[in-house]
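First up is the structure itself, then whatever we jot down about it.
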Amino acid sequence: MPNSSRCWSRAAIRKTKSNRQKASGTGTDFAAHLEAWYERERRDLPWRSTEDPYRILVSEVMLQQTRAQTVIPYYLRFLDRFPDARALAEAREADVLTLWSGLGYYARARNLQRAARAVVAAGAFPRDYDRIRELPGVGPYTAAAVASIAFGAPHAVVDGNVLRVISRVQDDAGDIQSPRTRARFQQIADGWLEGRRPGLFNQAMMELGATVCLPRGPRCTVCPVETFCQAHQTGRQHELPVKGGKRVADRIHVQVMIAVRNGSVLLRRRSAAETLMAGFWELPAPGDLPGCRSSRVIGSFRHSITHHHYTITVLEGAVPAVPLGFHWRRINRLAGVPLTTITRKALGLMASAPGAERAVATHGRKHG
DNA sequence: AATTCGGGGGA
DNA sequence: TCCCCAGAATT
């Protein structure tokens with residue numbers, strides 16, 4: 001290597017690399033190899049057999065921070081019930097939330113319905129990135145995904161998979177949490193996408209990250225673009241991507257009470273004003289019920305929400321009167337009610353009684 | 001720029 | 001137990 005190269009700035013080196021790739025067609029070769037692999041090996045997922053922008057949007061929203069295998073049954077049920085934007089726009093919010101219950105990030109469901117209403121009001125699904133981006137719950141990733149997959153618009157998606165693939169292919173140790181690194185990776189992805197079929201290239205990048213370029217244990221031996229990967233050449237693929245910012249989870253102990261009378265259970269509907277899981281139904285805490293009697297502990301289980309780590313103890317009890325804000329709900333009709341996951345788990349504990357001990361054991365440990 | 005939102009699955 | 005997942009909105 002010439003001595004003069006030591007005087008080059010990082011930017012100059014990067015620019016030279018980029019020029020070399022463009023001149024030799026390396027970026028194009030990379031994309032061609034990747035796409036050929038994708039068309040050969042791609043998983044057969046339900047949202048890959050449609051070009052309906054509404055269905056693409058539903059899938060992309062469900063896939064936000066959620067694994068494909070988890071999404072599949074929710075996606076099928078949701079589209080069976082709401083086959084087009086109009087059906088979703090005209091639905092009751094409680095019905096939408098019920099189908100979403102268990103999938104998490106419930107603001108996604110509300111925003112998706114608002115988006116459907118906007119599409120109906122506009123008379124047609126928006127076709128370009130900027131107007132898709134204006135739909136509620138649609139950020140840079142989802143707008144790029146829908147615009148490229150449904151309409152062939154040239155916008156590269158940059159999700160967790162793509163960040164990981166690019167960090168390794170470029171051997172780039174930038175913190176993928178930082179906006180600067182993300183902007184850099186976005187430009188790289190947009191460059192690779194140039195001249196390709198956008199929807200195909202984007203899905204191929206994500207598929208590579210999801211099935212080959214794994215967070216731990218990347219499967220380089222079966223990777224279709226191994227020869228293009230600079231981290232593989234330097235053996236540093238296991239150290240990438242670099243991700244900063246770690247948080248500590250706090251532990252919280254709570255009690256919930258199951259009060260049953262004449263086939264109904266006492267529940268409270270979280271008000272629309274509550275930030276967290278508004279509109280969902282939940283069990284009372286003993287403190288909510290003046291004069292309640294608790295006869296026994298049914299069991300306990302754990303539940304984690306982001307960095308909050310809950311231990312829930314479930315009590316069986318009776319109430320002298322129905323407190324303000326609570327209602328008796330028929331137990332055999334709870335399938336149509338949006339329940340919080342903690343409530344669903346707690347009721348499941350009761351349902352399996354007297355095998356409650358076994359139900360607790362399936363969650364790993366027993367408390368109380 | 002930092003936080004928050006859920007739940008599940010794999011190592 | 002920890003990390004990650006086809007992110008977005010809010011502060």
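Chain identifiers are assigned alphabetically (A, B, ...) following the order of the sequence lines, protein sequences preceding nucleic acid strands; residue numbering begins at 1 within each chain.
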Given 3.5 Å as the limit, does a donor-acceptor pair link the side chain of A:Arg219 with the main chain of A:Thr211, or not?
yes

Looking at the side chain of A:His309, which of C:dA6, B:dG6, C:dT1 is the nearest nucleotide?
C:dT1

Within the 4.0 Å heavy-atom criterion, would you say A:Arg43 contacts the bases, only the backbone, or no part of the nucleic acid?
base

Dot-bracket for DNA chain B, please. Rules: Watson-Crick or G-U, both distances under 3.5 Å, ( ) within the strand, [ ] when a pair crosses earlier ones, | for another strand, . otherwise.
|||||.|||||

With heavy atoms under 4.0 Å as the rule, sort A:Trp47 into base, sugar-phosphate or nothing.
base

Rounded to the nearest angstrom, tell me the gap between atom CZ in A:Arg110 and atom P in B:dC5.
14 Å

Is a donor on one side and an acceptor on the other found under 3.5 Å between the side chain of A:Gln65 and the backbone of A:Gly104?
no

Distance (rounded to the nearest 0.5 Å) between A:Leu339 CG and A:Phe280 CZ
9.0 Å

Can you list, by residue number, the residues of residues 197-205 of chain A that have a non-hydrogen atom closer than 4.0 angstrom to DNA chain C?
none

Listed in order of residue number, which residues of residues 135-149 of chain A have a non-hydrogen atom at under 4.0 Å from DNA chain C?
A:Pro136, A:Gly137, A:Val138, A:Gly139, A:Pro140, A:Tyr141, A:Thr142

For a side chain to side chain contact (heavy atoms under 4.5 Å, CB included) with A:Ser300, tell me which candidate from A:Leu315, A:Ile312, A:Thr313, A:Val256 qualifies.
A:Thr313

Is it true that A:Arg180 and A:Asp175 make a salt bridge, defined as a side-chain N closer than 4.0 Å to a carboxylate O?
no

Donor-acceptor contacts, no H, no angles, side chain residues 88-97 of chain A, under 3.5 Å, sequence neighbours left out:
| residue | atom | partner | partner atom | Å |
| --- | --- | --- | --- | --- |
| A:Glu93 | OE1 | A:Arg110 | NH1 | 3.0 |
| A:Glu93 | OE2 | A:Arg110 | NH1 | 3.3 |
| A:Asp95 | OD2 | A:Arg81 | NH2 | 3.4 |

Is the phosphate of C:dG7, meaning OP1 or OP2, less than 4.0 Å from a side-chain N or O of A:Gln65?
yes

In whole angstrom, what separates A:Gln64's CD from C:dA6's P?
12 Å

Side-chain heavy atoms under 4.5 Å apart, restricted to Ile/Leu/Val/Met/Phe/Trp/Tyr: what other residues fall into the cluster of A:Val120, or is it alone?
none

Distance in angstrom units between A:Leu339 CG and B:dG7 C1', rounded:
15 Å

Round to the nearest Å and state the distance from A:Leu214 atom CG to C:dC5 atom P.
10 Å

Parallel, tilted or perpendicular, judged at 30° and 60°: which one describes the rings of A:Trp47 and A:Tyr75?
perpendicular

Which residues satisfy the side chain to side chain contact (heavy atoms under 4.5 Å, CB included) test with A:Arg268, sequence neighbours excluded?
A:Arg270, A:Glu274, A:Glu282, A:Phe326

Select base, sugar-phosphate, or nothing to describe what A:Leu103 touches, counting heavy atoms under 4.0 Å on all strands.
base

Identify which nucleotide among B:dC5, C:dC4, B:dG7 has an atom closest to any side-chain atom of A:Tyr106, counting heavy atoms from C-beta outward.
B:dG7

Quick check on DNA chain B: between A:Gly104 and A:Arg180, whose nearest nucleotide comes earlier from the 5' end?
A:Arg180

To the nearest Å, how far apart are A:Lys243 NZ and C:dC4 P?
5 Å

Without swapping roles, check the side chain of A:Arg296 against the backbone of A:Glu316 for a donor-acceptor pair under 3.5 Å.
no

Residues at least two apart in sequence or cross-chain that pass side chain to side chain contact (heavy atoms under 4.5 Å, CB included) with A:Cys223, listed by chain then number, are A:Leu208, A:Val212, A:Val225, A:Glu226

Rounded interatomic separation in angstrom, taking CD from A:Gln69 and C1' from C:dA6:
13 Å

Ranking C:dT1, B:dG6, C:dA6 by distance to the side chain of A:Thr66, first place goes to B:dG6

Decide yes or no on salt bridge (charged side-chain N to carboxylate O under 4.0 Å, His left out) for A:Asp128 and A:Arg131, but give the supporting numbers first.
CA-CA 6 Å; A:Asp128 63 277; A:Arg131 280 190 299 169; 2.8 Å; yes

Contacts under 3.5 Å, N or O only, protein and nucleotides 8-11 of chain B:
| residue | atom | partner | partner atom | Å |
| --- | --- | --- | --- | --- |
| B:dG8 | N2 | A:Arg67 | NE | 3.3 |

Assign the ring pair A:Phe78 / A:Trp100 to parallel, tilted or perpendicular, where the plane angle (0 to 90°) is split at 30° and 60°.
perpendicular

Per the under-4.0 Å heavy-atom filter, residues of residues 150-163 of chain A near DNA chain C come out as A:Asp159, A:Gly160, A:Asn161

Assign each of A:Ala68 and A:Arg133 the nucleotide of DNA chain C bearing its closest heavy atom; nearer the 5' end lies the nucleotide of A:Ala68

Can you tell me, in whole Å, how much space there is between the P of B:dG6 and that of C:dT10?
14 Å

From the options C:dA6, B:dG7, C:dG7, select the nucleotide whose nearest atom is closest to the side chain of A:Arg48.
C:dA6

Donor-acceptor pairs are to be reported for all side-chain atoms of residues 133-142 of chain A against protein atoms at under 3.5 Å, with residues two or more places apart or in another chain.
| residue | atom | partner | partner atom | Å |
| --- | --- | --- | --- | --- |
| A:Arg133 | NH1 | A:Val138 | O | 2.9 |
| A:Tyr141 | OH | A:Glu60 | OE1 | 2.6 |
| A:Thr142 | OG1 | A:Gln64 | NE2 | 2.9 |

Separation of the C1' atoms in B:dT3 and C:dA6, to the nearest angstrom:
22 Å

In whole Å, what is the span from the CE atom of A:Met206 to the C1' atom of C:dA6?
5 Å

Taking atom CD1 of A:Ile166 and atom CG of A:Leu240, what is their separation to the nearest 0.5 Å?
12.5 Å

Checking A:Arg302 side chain against A:His309 main chain: does a donor-acceptor pair fall under 3.5 Å?
no

Checking A:Asp171 now: which residues fulfil salt bridge (charged side-chain N to carboxylate O under 4.0 Å, His left out) with it, not counting sequence neighbours?
A:Arg236

Round to the nearest Å and state the distance from A:Arg270 atom CZ to B:dC5 atom C1'.
13 Å

ILVMFWY cluster membership beyond A:Leu214 - transitive side-chain contacts under 4.5 angstrom:
none

